[in-house]
Amino acid sequence: MALVSYVVSVVIVVGPVIGYFHQYMIIRRNQSSKGFSSKTCALLFISSESIATSINTLGSQEALISCSSHPPHPWHRQYYRGYLQCLCFLAAILTLLSVPFGKSSLFLQGMAWICLGLDTVLPVPQLLSNYHRRSTAGFSGVLLSAWLTSDSAKLFYFLFTNPSPLYTICSGLQLLGDSLLFLEWCVLSSKARQWLGTVHPMLLATHVSDSDSDSDPYESIP
């Protein structure tokens, strides 16, 4: 059981790192963040609970804003310093609150609920982005696979370690969001429809996103 727990822990930690790195490579290659929701970075910024996760989040955010070719928006480079300051401000506020309330179980439980809630809705911004664009082009298939794998491992871990039911419920909801994202990919991605046999290969030539597709089906989801 100890070996299984160790393997699951590695999958939970390493999986998203690989996924976000692959997303970074796609953004770097395309010189555009189109297809990846920057609001995902915002949720990660706030819900990060460890230094390693924060470093990975900052790296993903830097990739996003440094390669963005869209018009200025709150996550553009000129706002990057402001959001770093915001992150430091949040850290300072939480540190100050932890001085008088650090031993309060209610405070600690409330912070855990907030982090769990934000982590649970992590797939939602990408779901909405794909829906509004009617496309999954630019979104990493490796990242989607990493989300599905790590969240499945997380749910498996919570089911067999019997923590608070809240952890199991939030993990289940997050996996549900990942599953909906996968179904969205099956509907919107021309390559997915080709793999599933729901569209004739000759029809792909007329698809709008074909010009942006790559020979490697795992580099992005068109």
Side-chain angles (χ1 to χ4, degrees), residues 1-23 35-57 60-61 90 94 104-133 135-136 139-189 192-193 195-196 218 220-221:
M1 187 61 185
L3 178 61
V4 174
S5 178
Y6 175 78
V7 172
V8 170
S9 299
V10 170
V11 171
I12 293 174
V13 173
V14 176
V17 174
I18 295 175
Y20 286 118
F21 178 76
H22 194 268
Q23 182 67 63
F36 178 65
S37 175
S38 59
K39 295 181 179 63
T40 300
C41 293
L43 290 175
L44 287 170
F45 261 132
I46 301 172
S47 65
S48 295
E49 296 179 86
S50 67
I51 295 177
T53 304
S54 297
I55 292 174
N56 176 54
T57 302
S60 301
Q61 179 63 29
L90 287 175
L94 292 176
S104 171
S105 59
L106 182 61
F107 172 78
L108 296 176
Q109 190 174 31
M111 292 302 302
W113 288 351
I114 293 174
C115 292
L116 279 173
L118 292 173
D119 197 47
T120 300
V121 298
L122 190 62
V124 174
Q126 191 63 51
L127 273 168
L128 296 177
S129 175
N130 294 343
Y131 174 77
H132 290 305
R133 294 175 55 248
S135 172
T136 56
F139 177 56
S140 170
V142 174
L143 179 56
L144 175 57
S145 300
W147 279 355
L148 284 167
T149 303
S150 62
D151 291 338
S152 297
K154 190 189 303 181
L155 181 60
F156 172 84
Y157 179 82
F158 288 150
L159 285 174
F160 283 89
T161 56
N162 298 317
S164 169
L166 180 64
Y167 289 88
T168 305
I169 294 173
C170 288
S171 296
L173 290 175
Q174 189 171 12
L175 183 59
L176 176 61
D178 297 338
S179 302
L180 292 175
L181 194 57
F182 175 76
L183 292 177
E184 190 178 53
W185 167 67
C186 292
V187 173
L188 298 178
S189 171
R193 294 196 297 271
W195 295 341
L196 295 173
Y218 293 99
S220 63
I221 307 177

Val7 and Val10: CA distance, side-chain angles, deciding distance, side chain to side chain contact (heavy atoms under 4.5 Å, CB included) verdict: CA-CA 5 Å; Val7 172; Val10 170; 5.8 Å; no
With Asp178 via salt bridge (Lys or Arg N to Asp or Glu O under 4.0 Å) - residues at least two apart: none
Stepwise side chain to side chain contact (heavy atoms under 4.5 Å, CB included) test for Tyr20 and Thr40: CA-CA 11 Å; Tyr20 286 118; Thr40 300; 4.1 Å; yes
Quick one: [atom1] on [X] to [atom2] on [Y], what's the gap to the nearest 0.5 Å?
X	Y	atom1	atom2	result
Ser140	Ile18	OG	CD1	11.0 Å
Ser189	Phe139	OG	CZ	11.5 Å
Thr120	Leu116	OG1	CG	6.0 Å
Gln126	Leu181	CD	CG	6.0 Å
Lys154	Trp147	NZ	CH2	11.5 Å
Thr161	Phe156	OG1	CZ	9.5 Å

Compare every heavy atom of [Y] with every heavy atom of [X], then report the nearest pair and how far apart it is.
X	Y	answer
Ala146	Gly19	CB-CA, 4.1 Å
Arg133	Gly35	NH1-CA, 3.6 Å
Leu155	Gly172	CD1-N, 3.9 Å
Leu188	Asn130	CD1-O, 3.5 Å
Leu148	Ser179	CD2-N, 4.0 Å
Leu43	Val121	CD1-O, 3.7 Å

Side-chain heavy-atom pair Leu175, Ser152 within 4.5 angstrom cut-off: yes
Enclosure of Phe107 CZ (heavy-atom neighbours >12, cutoff 6.0 Å): yes
Flag if over 12 foreign heavy atoms under 6.0 Å of OH, Tyr157: no
Step-by-step side chain to side chain contact (heavy atoms under 4.5 Å, CB included) determination, Gln174 to Asp119: CA-CA 8 Å; Gln174 189 171 12; Asp119 197 47; 3.3 Å; yes
Partners meeting side-chain hydrogen bond (donor to acceptor under 3.5 Å, both in side chains) with Gln23 (sequence neighbours left out): none
